[in-house]
Amino acid sequence: MKKYIKLFSVLTMATAVTSCSDDFLKENPTTFASPSTLLVSEQGAEIYLTGSYGSLQRTIAPGGSPDMSIYWGTLGTDEVVVPNWGGERKLVYLQQVTPSTTSINTLWVNLYEALNRTNSVVDRIGAMTEDQIDTDVKNKFIAEAKFLRTTINFALVSAWENVPLIKNEVISVDDLNVSQATTEEVYEYMIADLKAAIPLLPEEQGGGRATAGAAKALLGRIYLQMTGFPLNQTDKFALAENILKEVMDSGTYDLLPTYGDVFKLDFEQSKEIIFSVGFDGPTLNEGGLLSTFYGPNGSVNQGGGWGTCFINHGLADAYEDDDARFLNNVARHNANNFTPEEGATDPASWTVGKNTWRGWKWHAAKPNSYPNDTPFDYIYLRYADVLLMYAEALNGQNKLTQNDLDNTVNRLRSRARLEATAVAPMVLGSQEDNSIALLDERRKELCLEGWRRNDLLRFGKYEEAISGITQGGPNAGDPITEFQDYEIRWPIPELQLQTNENLVQNPGY
């Protein structure tokens with residue numbers, strides 16, 4: 001059953017702000033319904049909320065170009081390399097982003113449009129009366145919107161650090177000149193939103209809607225991010241431990257027995273999925289990019305990808321040959337010549353040279369008719385990540401035990417083991433050794449899911465990781481020759497600086 005958020009994502013909020021001019025208050029929707037028309041009943045409020053869910057499709061998730069999962073989370077890391085024909089994707093990979101880079105401005109604008117949609121949900125549904133909507137239902141809808149608002153604010157503060165913190169719907173161009181908040185202020189606001197939402201959300205898997213478990217898992221991720229750059233608040237390890245343990249103890253989530261099944265269409269709302277951004281395709285104008293942006297050599301309609309990026313040698317080398325994650329995530333075959341099943345299991349199909357191995361987490365059918373309209377959901381939070389974050393939270397307090405490892409990391413390694421002697425269990429070491437192993441495990445388990453850059457920043461390993469990229473083949477170059485310390489964050493877009501005199505450029509740009 002396809003999920004709630006896929007039904008009305010074309011719905012337009014009457015006051016969605018997309019940039020800083022009068023045009024930003026205008027849209028050309030397929031379907032138009034004003035807030036005053038919709039927000040007179042529970043059904044109308046639900047439709048209005050759905051527009052906010054839909055706004056994640058082309059901002060947080062890989063549903064268009066650019067998006068945060070690919071541009072922030074993957075391209076500028078040690079998971080992929082980008083060829084010379086990569087356009088502005090190449091600039092992100094090579095650490096050559098400037099305030100004038102178009103895709104960075106587009107992301108900023110789209111994220112703030114999504115934020116305004118979500119603020120509108122909170123404000124306008126919050127103003128509905130008891131005769132229009134049941135109070136408990138209203139509070140649940142607002143809680144869902146606060147979860148969505150946090151995903152957007154988390155993307156903004158992760159990439160730019162110093163961003164305007166907009167807490168209410170903007171309905172006038174006169175209200176757009178907002179000053180930047182401190183990084184800590186944004187984090188504290190996100191924490192408050194999630195804490196307010198958790199008791200009002202259901203304890204269930206959710207089927208694509210925000211739940212208490214999703215809010216708790218995101219809160220745990222935010223606490224962990226605060227332990228590293230730029231805040232370095234190590235007291236948050238304990239808070240992360242406690243909230244993530246609640247997710248683990250809820251009984252709502254668990255690992256699927258087979259790693260590859262997590263990313264199949266038949267398992268889109270499995271017990272491992274805590275929250276995902278839904279996509280539908282083909283031909284519904286609701287599809288994403290996952291199996292085509294990351295896909296094998298060969299024709300797209302035969303299950304291949306676009307060739308927009310290639311697997312970093314370091315990622316491929318991190319896997320053992322008999323690690324199921326290697327076989328599922330890295331394409332060594334040509335889709336024109338082999339089926340997905342052969343590509344994943346038959347060594348005879350592994351005919352592609354290492355320099356042009358591609359990402360391959362979402363296996364497109366052969367043949368298919370969805371080159372630009374793929375139906376794969378984007379997984380934002382899953383249980384495997386919770387297990388890894390919990391181990392990280394314990395290690396950050398130097399209280400990780402072998403039993404903890406066996407119940408977290410080693411459960412993932414056991415699932416990945418194709419042969420009895422493959423993927424040895426993690427053995428407890430020093431706090432630093434554990435940290436290195438946990439970061440490596442996150443890359444192998446979660447690669448291409450959009451979290452690598454945040455992970456590297458949090459662990460203090462970003463520059464070290466990109467300095468190790470020295471790869472031949474169709475590679476635009478080595479990013480370390482361009483990287484400067486200030487590029488650990490993105491620049492405030494020049495167009496935004498020109499329009500909003502209260503904005504201050506990030507240092508170095």
Practice problem: For the pair Asp455 and Arg458, evaluate salt bridge (charged side-chain N to carboxylate O under 4.0 Å, His left out) and give the outcome as yes or no after the intermediate values. | Solution: CA-CA 5 Å; Asp455 290 348; Arg458 184 171 72 253; 3.0 Å; yes
Exercise. State the OG1-CD distance between Thr408 and Glu441, to the nearest 0.5 angstrom.
Key: 9.5 Å
Practice problem: Supply the atom-to-atom distance Ser55 OG to Asn110 CG, rounded to the nearest 0.5 angstrom. | Solution: 10.0 Å
Exercise. Verify whether one side chain among Asp478 and Thr481 offers a donor that lies under 3.5 Å from an acceptor in the other.
Key: no
Quiz item: Where do Ser65 and Arg58 land on the side-chain contact (heavy atoms from CB on, under 4.5 Å) test, with the steps shown first?
Solution: CA-CA 7 Å; Ser65 187; Arg58 283 162 179 80; over 6 Å; no
Exercise. For the pair Tyr509 and Tyr486, evaluate ring-ring contact (aromatic ring centres under 6.0 Å, His included) and give the outcome as yes or no after the intermediate values.
Key: CA-CA 8 Å; Tyr509 287 102; Tyr486 64 84; 4.8 Å; yes
Quiz item: Under a 4.5 Å cut-off applied to non-hydrogen side-chain atoms, are Ser369 and Pro282 in contact?
Solution: yes
Self-check item: Inter-residue atom distance Asn395.CG - Glu432.CD, 0.5 Å rounding
Solution: 9.0 Å
Self-check item: CA sep, side-chain torsions, deciding dist, call: Leu224, Phe237, side-chain contact (heavy atoms from CB on, under 4.5 Å)
Solution: CA-CA 6 Å; Leu224 278 183; Phe237 279 119; 3.8 Å; yes
Practice problem: Mind checking the CD1-CG spacing from Ile466 to Leu456? Nearest 0.5 Å is all I need. | Solution: 9.0 Å
Quiz item: Relative to Phe326, does Arg332 satisfy both conditions: NZ or CZ under 6.0 angstrom from the six-membered ring centre, and within 45 degrees of the ring's axis?
Solution: yes
Quiz item: With a 4.5 Å heavy-atom cut-off, do Lys271 and Tyr253 have their side chains touching?
Solution: no
Exercise. State, yes or no, whether a side-chain contact exists between Pro62 and Phe293 at a heavy-atom distance under 4.5 Å.
Key: no
Practice problem: Return yes if some donor-acceptor pair links the side-chain N/O of Asn407 with the main-chain N/O of Asn403 below 3.5 Å, else return no. | Solution: yes
Practice problem: May I ask you to decide if Lys461's main-chain N or O and Glu464's side chain share a donor-acceptor pair within less than 3.5 Å? | Solution: no
Quiz item: Considering only heavy atoms from C-beta outward, does the side chain of Gln233 approach that of Glu184 to under 4.5 Å?
Solution: yes
Quiz item: Taking the six-membered ring for Trp, is the centroid-to-centroid distance between Trp490 and Trp108 below 6.0 Å?
Solution: no
Exercise. May I ask you to decide whether Arg325 forms a salt bridge with Glu445, counting only side-chain N to carboxylate O separations under 4.0 Å?
Key: yes
Self-check item: Donor on one side chain, acceptor on other, Ser158 and Asn454, under 3.5 Å
Solution: yes
Exercise. Report yes if some heavy atom in the side chain of Tyr319 is under 4.5 Å from a heavy atom in the side chain of Leu327; otherwise report no.
Key: no
Quiz item: Quick check, are the ring centers of Phe263 and Phe267 under 6.0 angstrom apart?
Solution: no
Quiz item: Can you find a pair of side-chain heavy atoms, one from Pro83 and one from Asn475, that are under 4.5 Å apart?
Solution: no
Quiz item: Looking only at atom types and distance, does a side-chain atom of Lys366 sit under 3.5 Å from a main-chain N or O of Asn336, one as donor and one as acceptor?
Solution: yes
Exercise. Looking only at non-hydrogen atoms, find the nearest pair between Leu381 and Ala214 and report the distance.
Key: CD1-O, 3.5 Å
Self-check item: Test item: side-chain donor near acceptor, Asn355 and His313, under 3.5 Å
Solution: yes
Quiz item: Say you draw a straight line from CG of Asn105 to CG of Leu495; how long is it, rounded to the nearest 0.5 Å?
Solution: 4.5 Å
Exercise. Would you kindly say whether Gln95 and Gln484 are connected by a side-chain donor-acceptor distance under 3.5 Å?
Key: no
Quiz item: Between Asp78 and Arg452, is there a salt bridge with N-O shorter than 4.0 Å?
Solution: yes
Exercise. Evaluate the side-chain proximity of Glu88 to Thr102: yes if any heavy-atom separation is below 4.5 Å, no if none is.
Key: yes
Quiz item: Are side-chain N/O atoms of Glu161 and Gln180 paired as donor and acceptor at under 3.5 Å?
Solution: no
Quiz item: Hey, would you say the Tyr462 and Phe483 ring centroids sit under 6.0 Å apart?
Solution: yes
Quiz item: Are any side-chain N or O atoms of Glu320 and backbone N or O atoms of Val423, one a donor and one an acceptor, separated by less than 3.5 Å?
Solution: yes
Self-check item: Within 45° cone and under 6.0 Å: Arg221 NZ/CZ vs Trp451 ring
Solution: yes
Quiz item: Closest heavy-atom contact between Ile60 and Asp67?
Solution: O-OD1, 4.1 Å
Quiz prompt | Geometric class of the Phe275/Tyr53 ring pair [parallel <30°, tilted 30-60°, perpendicular >60°] | solution = tilted
Quiz item: Do the charged groups of Glu272 and Arg415 touch, with an N to O distance under 4.0 Å?
Solution: yes
Quiz item: Can you check whether Ile469 reaches Val81 side chain to side chain, under 4.5 Å on heavy atoms?
Solution: yes
Quiz item: Stepwise, does the side-chain contact (heavy atoms from CB on, under 4.5 Å) test hold for Ile480 with Thr470?
Solution: CA-CA 9 Å; Ile480 194 59; Thr470 54; 6.0 Å; no
Quiz item: Would a distance-only check, ignoring hydrogens and angles, find a side-chain to backbone donor-acceptor pair under 3.5 Å from Gln496 to Pro493?
Solution: no
Exercise. Classify the side-chain pair Ser276/Gln269 by whether it contains a donor and acceptor separated by less than 3.5 Å.
Key: yes
Quiz item: Just by modelled atom types, is the Ala114 backbone N or O under 3.5 Å from a matching donor or acceptor in the Thr118 side chain?
Solution: yes
Quiz prompt | Given Arg442, Lys361, Lys444, the one that forms salt bridge (charged side-chain N to carboxylate O under 4.0 Å, His left out) with Glu449 | solution = Lys361
Practice problem: Hey, can you tell me if Tyr378 and Tyr380 have their rings parallel, tilted or perpendicular (30° and 60° cut-offs)? | Solution: perpendicular
Quiz prompt | Interatomic spacing from CG in Leu388 to CZ in Arg411 - rounded to 0.5 Å | solution = 11.5 Å
Quiz item: Is there a donor-acceptor pair under 3.5 Å between the side chain of Trp160 and the backbone N or O of Pro491?
Solution: yes
Quiz item: If you measure from the Lys or Arg side-chain nitrogens to the Asp or Glu carboxylate oxygens, is any gap between Asp406 and Arg413 under 4.0 Å?
Solution: no
Exercise. Apply side-chain contact (heavy atoms from CB on, under 4.5 Å) to Thr151 and Val277, showing your working.
Key: CA-CA 11 Å; Thr151 70; Val277 179; over 6 Å; no
Quiz prompt | For Asn334 against Val352, the heavy-atom pair lying closest together | solution = N-CG2, 3.9 Å
Quiz item: If you measure from the Lys or Arg side-chain nitrogens to the Asp or Glu carboxylate oxygens, is any gap between Lys264 and Asp261 under 4.0 Å?
Solution: yes
Self-check item: Pair Tyr259-Asn329, side-chain donor/acceptor within less than 3.5 Å
Solution: yes
